Amino acid sequence: MSAPISGRSIVLVLLATFASSFLSSSAHAWWNKEWTQRTRIILNTSSGGVETRESLNDVVVPVRLHSGNFDFLTANPDGSDLRVIAADDKTPLAFTVERFDGTNELALLWVRVSSVLPGTDQNVLYIYAGREAARAEPSTDVFDANTRLALHFGESEGPAADRNGAIVSNGPVLREQNGLLAASLRLTGEPVTWPANERLNMAAGESLSLSLWVRPDSTAEGTLLRLGSLTLALEGGNAVAQAGTVRAVGGDVAAGVWTHIAVTLGAGKLIVYVNGIPVTETSLPSTPAFGGPLMVGERFEGQVDELRLLSALRGADWFRFEHAAQSADARLVASTSQSEEGADAEGEHAGYLGILVKNLTTDAWIVIVILAVMFVVSVWVMIDKALFIGRTDRANHRFLQTFRQNRENLLGLTKERAYAASSLHRLYEAGVRELELREVHAPGRVLSTSALNAVKAAIDADFVRESHVLNSKMVLLTIAISGGPFLGLLGTVVGVMITFAAIAAAGDVNVNAIAPGIAAALLATVAGLAVAIPALFGYNYLASRIKRISADLQIFVDEFVARVDERYGAP
């Protein structure tokens with residue numbers, strides 16, 4: 001049999017595995033228990049979403065909330081309880097609210113994400129809500145220092161201001177309240193002007209990135225933006241960017257459709273992007289200086305939204321991601337609403353098991369712990385018996401070959417240590433001892449029939465003892481097979497009784513109150529079957545091998561006695 005240390009090691013490993021499986025399933029993060037709901041946002045930059053190949057830092061992402069991914073009934077009417085937390089469910093993220101309309105159940109948040117990794121669907125952030133006593137977070141600037149201008153056009157009326165109010169239009173502007181991202185700027189051919197500001201001044205040779213959304217009404221014509229010698233216009237349905245005397249033409253812009261246009265100047269190039277794709281590239285020996293007032297919408301009729309000016313050079317991945325995020329591309333952005341009780345549904349391995357474990361009653365836990373011990377014991381018995389039977393079978397085979405090859409040396413095999421694990425060898429030794437007591441080596445010694453029967457009886461006694469050794473501990477498997485399901489059923493019945501008693505006491509009969517308790521109670525039955533099924537398979541396998549070894553023992557007893565009778569019996 002295996003050494004005791006091996007059995008203890010197996011038990012410890014199995015207990016650790018069992019415990020870790022339940023702990024990992026029941027453990028889940030929740031930033032603050034006082035907030036009762038959260039929305040999980042996934043930014044999928046893998047091949048299954050909008051693929052990027054470079055890490056993007058300090059990205060400002062719009063998060064749209066609606067009745068499908070957010071419970072407005074449990075949130076504060078003004079959105080003052082909103083909090084945005086990073087993927088670790090610990091780190092708060094800077095955000096600002098452009099719109100929160102509890103009546104129509106629509107909201108738009110701008111969240112600054114420090115890093116968006118490429119090629120993964122594990123870029124996650126959480127929107128928490130559901131705490132009535134919460135106060136609104138102080139207003140924060142979600143854009144980095146490179147952002148010179150960011151216009152959301154989210155004001156309900158009056159002038160259009162930069163995100164921190166530093167740059168304000170010269171007068172009130174028209175707005176389309178249901179634009180691309182909340183409200184958008186409505187243009188009717190007259191330009192909107194923002195006065196000169198040091199944040200709008202760009203030194204010669206400085207890199208620049210510009211992006212905005214446009215939706216022409218009927219024809220894609222007019223000047224979208226003018227800042228000193230930098231212009232972005234629509235001519236014949238094409239985007240045209242000009243920096244000083246250098247022009248870049250390309251990229252279709254259709255009427256009645258929202259289109260994302262971006263322009264970059266730097267590294268000796270003028271590049272135009274349309275919907276995140278670079279469409280034209282022109283050599284730009286030197287970036288000219290820009291400054292003066294900013295004019296938007298000269299001779300242009302339509303809508304403009306999310307205008308940004310950065311003193312940094314952005315690449316193709318940046319604009320591909322920006323286009324997908326702001327257009328709510330379903331391939332990039334996925335969102336699900338969660339309550340604290342259902343938080344485990346997000347995990348790969350947590351699944352619904354965490355909900356079941358959380359709702360287990362004390363009696364069900366007692367039953368499951370007992371079943372866990374039974375499972376570990378039964379697995380240990382199966383492993384230990386399989387190793388023991390394997391060693392015995394191999395040793396029996398070697399001894400039987402030697403015994404049959406040495407027909408003349410009937411009593412000379414007792415000193416062979418190679419057969420220590422052989423049950424056949426132990427029966428053989430029992431027979432040899434009985435023969436030596438009768439001095440069969442003495443000249444002329446002949447065994448009577450009664451003496452042969454006595455030798456056979458002694459060997460049969462050892463045969464019974466060997467059978468007991470072979471079948472030892474098998475009863476533990478039969479206990480697991482028959483007792484496991486009944487213990488599990490007991491845990492389920494008691495758990496269901498307690499669940500219904502609690503519902504009766506509380507007077508709450510909705511399915512959400514009933515389902516978790518009953519499902520958790522059924523977990524005890526599953527645990528009972530999980531104990532019984534492996535034990536049943538293991539028992540049948542081991543029993544068949546024990547039966548074969550027992551048959552070999554019986555055959556050997558008859559063969560040994562026959563050879564003794566042949567040599568030492570009366571003629």
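The first residue in the sequence is number 1, and the count goes up from there. Keep in mind that this is a model prediction, so the values were computed, not measured.
Judged as a side-chain contact (heavy atoms from CB on, under 4.5 Å), and not counting sequence neighbours, the contacts of L180 are W213, W258, D305. Judged as a salt bridge (Lys or Arg N to Asp or Glu O under 4.0 Å), and not counting sequence neighbours, the contacts of D144 are R314. Checked against side chain to side chain donor-acceptor pair (under 3.5 Å), D141 has the following partners two or more places apart in sequence or in another chain: R163. For D317, the salt bridge (Lys or Arg N to Asp or Glu O under 4.0 Å) partners two or more places apart in sequence, or in a different chain, are R320. Legend: residues meeting side-chain contact (heavy atoms from CB on, under 4.5 Å) with A458, ordered by chain and number and at least two apart, are E434. When the side-chain contact (heavy atoms from CB on, under 4.5 Å) test is applied to N396, the partners found at least two apart in sequence or on another chain are T392, S422, S423, L424, I549. Scanning for side-chain contact (heavy atoms from CB on, under 4.5 Å) contacts around N178 gives R99, with sequence neighbours left out. Residues passing the salt bridge (Lys or Arg N to Asp or Glu O under 4.0 Å) test with R135: none are found, sequence neighbours excluded. Residues satisfying the side chain to side chain donor-acceptor pair (under 3.5 Å) test with S450, not counting sequence neighbours, are S448.
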Please tabulate, for the side chains in residues 48-57, all donor-acceptor contacts under 3.5 angstrom to protein atoms that are two or more places apart in sequence or on a different chain.
from: S55; atom 1: OG; to: S115; atom 2: OG; distance (Å): 3.3

Contacts table for residues 479-491: side-chain donor-acceptor under 3.5 angstrom, sequence neighbours left out:
from: S482; atom 1: OG; to: T478; atom 2: O; distance (Å): 2.8

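For the ring pair (Phe, Tyr, Trp, His ring centres under 6.0 Å) condition, the pairs that include at least one residue of residues 100-120, sequence neighbours left out, are F72-F100, W110-H152.
Relative to the ring axis of F403, R563 places its NZ or CZ within 45° and under 6.0 Å from the centre.
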